[in-house]
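Note on naming: letters A, B, ... go to the chains in the order of the sequence lines (proteins, then strands), and numbering restarts at 1 for each one.
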Amino acid sequence: MNKFVLIDGNSIAYRAFFALPLLNTDKGVYTNAVYGFTTMLLKVLEEQQPTHLAVAFDAGKTTFRHETFKEYKGKREKTPPELAEQLPVMRDLLKAFRIDSIELDQYEADDIIGTLSTQVAEDEEWEVHIYTGDKDLLQLVNDHVTVHLTKKGITNVDTYQPKQVDERYGLTPAQIIDLKGLMGDSSDNIPGVPGVGEKTALKLLNQFHSLEGVYEHLEEVSGKKLKEKLQDNEQEARMSKQLATIYREVPLTLKPADLARGEVDEQAVKQLFKELEFQSLLSKFGGDVEEKVAMENLTITVLSNDAPLLDKHLHSPSALYIEMLEENYHVGEITGVAIANAAGIFYMSADYALKNDHFKAWAEDDQTVIYTFDAKRTVVALGWKGIQLNGITFDVQMASYLIDPSAGSHEIADITSRKDGKQVQTDEAVYGKGKKQQLPEENELAQHLGRKAAAILDLQESLKKELEDNHQWQLFEDLEMPLSVILGRMEAHGIAVNQSELENMGEDLTKRLDELEKKIHEAAGETFNINSPKQLGVILFDKLKLPVIKKTKTGYSTSADVLEKLKGEHEVIDHILFYRQLGKLNSTYIEGLLKVIHPVTGKIHTIFNQAVTQTGRLSSTEPNLQNIPIRLEEGRKIRKAFIPSQEGASLFAADYSQIELRVLAHISKDENLIQAFKDGMDIHTKTASDVFGVSTDEVTSTMRRTAKAVNFGIVYGISDYGLSQNLGISRKEARTFIDRYFESYPGVKKYMEDVVEEAREKGYVTTMLQRRRYLPDLTSRNFNQRSFAERTAMNTPIQGSAADIIKKAMVDMSRAMKEAELSSVMLLQVHDELIFEVPEDEIKTMEKLVKEIMESTVELNVPLLAEMEHGKTWYDAK
DNA sequence: GGAGCGTGCAA
DNA sequence: TATTGCACGCTCC
């Protein structure tokens, strides 16, 4: 007896790609489809023990079906590149398994499978098993041919013999094509008969047996509308049936008997698994391939009024997971709560948990040790519901971020799949995305949340160990975890705004924008959308024939630096620049800020993301309060709308002076730079005097401006091209400046060389407080990628150490304010500055305290300098 | 309705 | 072809 397995390669790869998160290796190679395909392949090998085996692939874009219908598969989106690049890897893997991949120009995988299965379908000696996600293949089923259709996920399949086809559809396998002919298939763009779906089609086939039968007995069809639709679309229906029919005479050179399984090339397979970072598969393959990769069975207990939450459920430590569908936890609703601990895994509806006194008492007890995923989200969301969560000691998301900030979304499912822990579905798989996002029924939700909580509990230990191995435990425990509490309080407190001030500015801007719009349209001689770079480009460069300075990949560039160069060429340019400036203020800042004023508090509550940036900085969203305008007076006025929430208080801003260059001096140990800061010099003037070879009092403002740009360039990982662009000078001149800089600051030059070299050896760079960033591209053959990685290696320790320092200052400051029992509140952090609101009688205290703490939070070999201002609005704190 | 692009704001 | 971010409006699908 021969057992012949045929796999529909493209179909399974598609399934796997969309079912799994977009995994990738350290080198950025995507692997999710390969991974899913491989797990399925291993399962099939184990379960079926086939004697013969082949995987069929679709060949090119066109097939013989396009001759019948050129729109065939016309609406289908083209294969995502992240998937396309995985298909060749799948073939390499199959080669290592010594399994034949078959594809043939003009034919689809379906047809190849149909041909091979038909060749042995009547032979008692053969048994065929087909694996696919495509229902069309059901037409091949007979007593010797079984089709296994993937269900949700990849490794779960439904098995179809003629009996199951009959049970499911009430049809014989041969009638599947009649079904397709009538109902069509939108994913392949097969039209069928519009308005006829599965139900109607099945009814018709039940009565008339085939599509031809339907048309022979058209008069007997009940329903006037239906009859008309069938009549009008006869040609489409017949063509659709033809398209859905699998062609079984593909001219293949290989016969089934040629496809006997070869011996697996274990070396090659292991090598590939290693490259693809399939740790779990690798270990399994080393031992035996028998272990199942299916999700573990977890028992999740649903607690409710009928099965109440009791003390016995509430152990310490516990993992606590609070689910909300909205990204924004200040306004989002909690949709479910899950707890995992030594007593088991428990799910509660939000309604039940939030009203439960046991739960509240347990959560608020600081003796309860709690592990979370996104501690700040959990604390703040519960805080809005009147529950003050206290005892969080471990945040899985934070740990994952510190271990590898590039690892991606830091969703629980991503971390578990990387760390090979409890298996969790992605949120997208459970909830859908975008507008279609919705909660599943309660059991499924309980499963999903329970798994998340279980995964948190499960991951805690191994992540902790990894942090310790990386010498990052202190960073985690003493800096980031306490900071998340502080940030949560800052967010929840919010910052007060003067809404009518914003509204007035908005009215004024709108009026001025209307006038500018008129002027611009007049100058152009026609009306058009000024906000459309495309339309603006046509006006400026086609109609007005202004010189093209720069192009983007989609057309003319109309960016501000281009328009600056066109000033004087045409009066309209000034108007456009001004229109852009005011338009930005109105849409992003006035309208944007008004939109996010909290309906309950009337204040603005940003979210500081503590696990996004690659360098350790924070980011701020909804709204971003880290990019409120300051450089131009017109924009700076926005800051007048930010006010203290306490009567009589002031806004108080404290910023580090030149923190990144001071950090550079410290890390590089450059003597000249260190001395400059010790002497309290104006650093840009000092740089100018060194670079231009003049004394400091001979430095002109242009020289200082140039030197400032050079200093920026140094911090960013300098390139002559970048500097030349920034200063509008030639690359050669820029090169000279850089060379002169490095002559003056040889320690900096040495640091830049050393940091790149060390990163290449170790694979990563670190900051002063042991933050890490991996830079695999340092060994890339691609010049651009490699150069970028080199600049990153130079910049990250500087930017990241500066981030470490201000974060530490925030923790110290928060502690000091509490000890001094001040009513002042920390409101915002903007990378190198902290904003507080301070009651009048605490101004003097704070001026002393903030300066003291910011300047002494770490000790460098140069002084740290903090400067502060205060005023009645943020605008006045200058 | 969502993705990608061009643009522009901050440190 | 200078570092890190976020958000807007437009266009295209």
Side-chain angles (χ1 to χ4, degrees), chain A residues 75-78 80 405 433-437 528-537 550-563 576-577 580-593 595-596 606-609 612-632 634-636 638-639 655-656 658-660 664 709-727 731 734-735 738 773 783-800 802-803 806 828-833:
Chain A
K75 292 246 171 69
R76 182 173 290 194
E77 287 177 20
K78 79 168 196 264
K433 64 170 177 177
K435 260 228 124 149
K436 292 198 200 90
Q437 191 178 58
F528 67 99
N529 186 344
I530 307 165
N531 284 321
S532 161
K534 195 176 163 192
Q535 295 181 37
L536 181 62
K550 196 164 75 176
K551 289 204 154 203
T552 66
K553 68 175 96 170
T554 52
Y556 306 119
S557 170
T558 67
S559 61
D561 57 320
V562 168
L563 297 184
I576 293 170
L577 279 166
R580 281 256 178 93
Q581 191 197 332
L582 300 189
K584 177 80 180 181
L585 294 178
N586 201 30
S587 65
T588 301
Y589 295 103
I590 301 293
E591 290 171 1
L593 288 174
K595 249 189 295 195
V596 291
T606 185
I607 290 177
F608 286 109
N609 203 323
V612 158
T613 71
Q614 301 299 300
T615 55
R617 278 188 174 183
L618 302 176
S619 79
S620 156
T621 58
E622 280 186 275
N624 181 355
L625 291 182
Q626 293 181 318
N627 73 344
I628 304 300
I630 189 163
R631 288 174 197 196
L632 300 174
E634 198 75 54
R636 191 173 202 154
I638 301 282
R639 296 184 172 221
D655 74 294
Y656 276 117
Q658 304 297 351
I659 187 165
E660 292 191 338
L664 174 63
V710 173
N711 277 329
F712 269 96
I714 294 294
V715 168
Y716 293 154
I718 201 148
S719 83
D720 48 15
Y721 182 87
L723 182 63
S724 73
Q725 284 298 296
N726 189 287
L727 284 174
R731 213 166 129 168
R735 185 72 249 165
I738 294 168
R773 181 174 187 181
F783 174 83
N784 282 330
Q785 282 182 24
R786 189 176 63 249
S787 303
F788 185 68
E790 287 168 358
R791 292 195 295 276
T792 312
M794 300 183 235
N795 171 262
T796 297
I798 301 171
Q799 194 183 117
I806 192 164
L828 300 174
Q829 186 251 47
V830 191
H831 309 307
D832 66 356
E833 65 177 319

Describe the nucleic acid contact of [X] in one word from base, sugar-phosphate, nothing, applying a heavy-atom distance below 4.0 Å.
X        : answer
A/Asn795 : sugar-phosphate
A/Asp720 : nothing
A/Lys553 : sugar-phosphate
A/Arg580 : sugar-phosphate
A/Gln614 : sugar-phosphate
A/Asp655 : nothing
A/Ile628 : sugar-phosphate
A/Asp832 : sugar-phosphate
A/Ser620 : sugar-phosphate
A/Arg773 : sugar-phosphate
A/Val715 : nothing
A/Ser724 : nothing
A/Ser557 : sugar-phosphate
A/Gly717 : nothing

query = Under 3.5 Å, side chain of A/Gln626 to main-chain N/O of A/Gln829, donor-acceptor pair present?
reply = yes
Check whether any side-chain N or O of A/Thr621 sits under 3.5 Å from a backbone N or O of A/Asn624 as a donor-acceptor pair, and report yes or no.
no
Side chain of [X], base of [N]: donor and acceptor closer than 3.5 Å?
X        : N      : result
A/Asn624 : C/dC6  : no
A/Lys435 : B/dG1  : no
A/Arg617 : B/dA11 : yes
A/Gln799 : C/dT4  : no

Gap between atoms [atom1] and [atom2], on [X] and [N] respectively (whole Å):
X        : N      : atom1 : atom2 : value
A/Lys550 : B/dT7  : NZ    : P     : 8 Å
A/Leu828 : C/dC6  : CG    : P     : 16 Å
A/Phe608 : B/dA10 : CZ    : P     : 17 Å
A/Gln581 : B/dT7  : CD    : C1'   : 14 Å
A/Asn627 : C/dA7  : CG    : C1'   : 8 Å
A/Leu618 : C/dC6  : CG    : P     : 11 Å
A/Asn531 : C/dT11 : CG    : C1'   : 13 Å
A/Ile714 : C/dA2  : CD1   : P     : 15 Å

Can a donor-acceptor pair be found between the side chains of A/Thr796 and A/Thr615 at a distance below 3.5 Å?
no
Item checked: Pair A/Arg735, A/Ser724: side-chain N/O donor-acceptor within cut-off below 3.5 Å -> no
On a heavy-atom basis, the closest approach of A/Asn627 and A/Tyr589 is O-OH, 2.6 Å
For A/Leu618 and A/Thr613, the nearest pair of non-hydrogen atoms, with its separation, is O-CG2, 3.9 Å
Select one nucleotide: of [options], the one nearest the side-chain heavy atoms of [X].
X        : options               : answer
A/Ile630 : C/dA7, C/dT11, B/dA11 : B/dA11
A/Thr621 : C/dA7, B/dT7, C/dT1   : C/dA7
A/Ser587 : C/dC8, C/dA2, C/dT3   : C/dC8
A/Lys595 : C/dC8, C/dT4, B/dT7   : C/dC8

Answer yes or no: does a side-chain N or O of [X] lie under 4.0 Å from OP1 or OP2 of [N]?
X        : N      : answer
A/Thr554 : B/dG6  : yes
A/Lys584 : B/dG6  : no
A/Arg731 : C/dT1  : no
A/Gln535 : C/dT11 : yes

Quiz prompt | Electrostatic pair A/Arg617:A/Glu660 at N-O distance under 4.0 angstrom | solution = yes
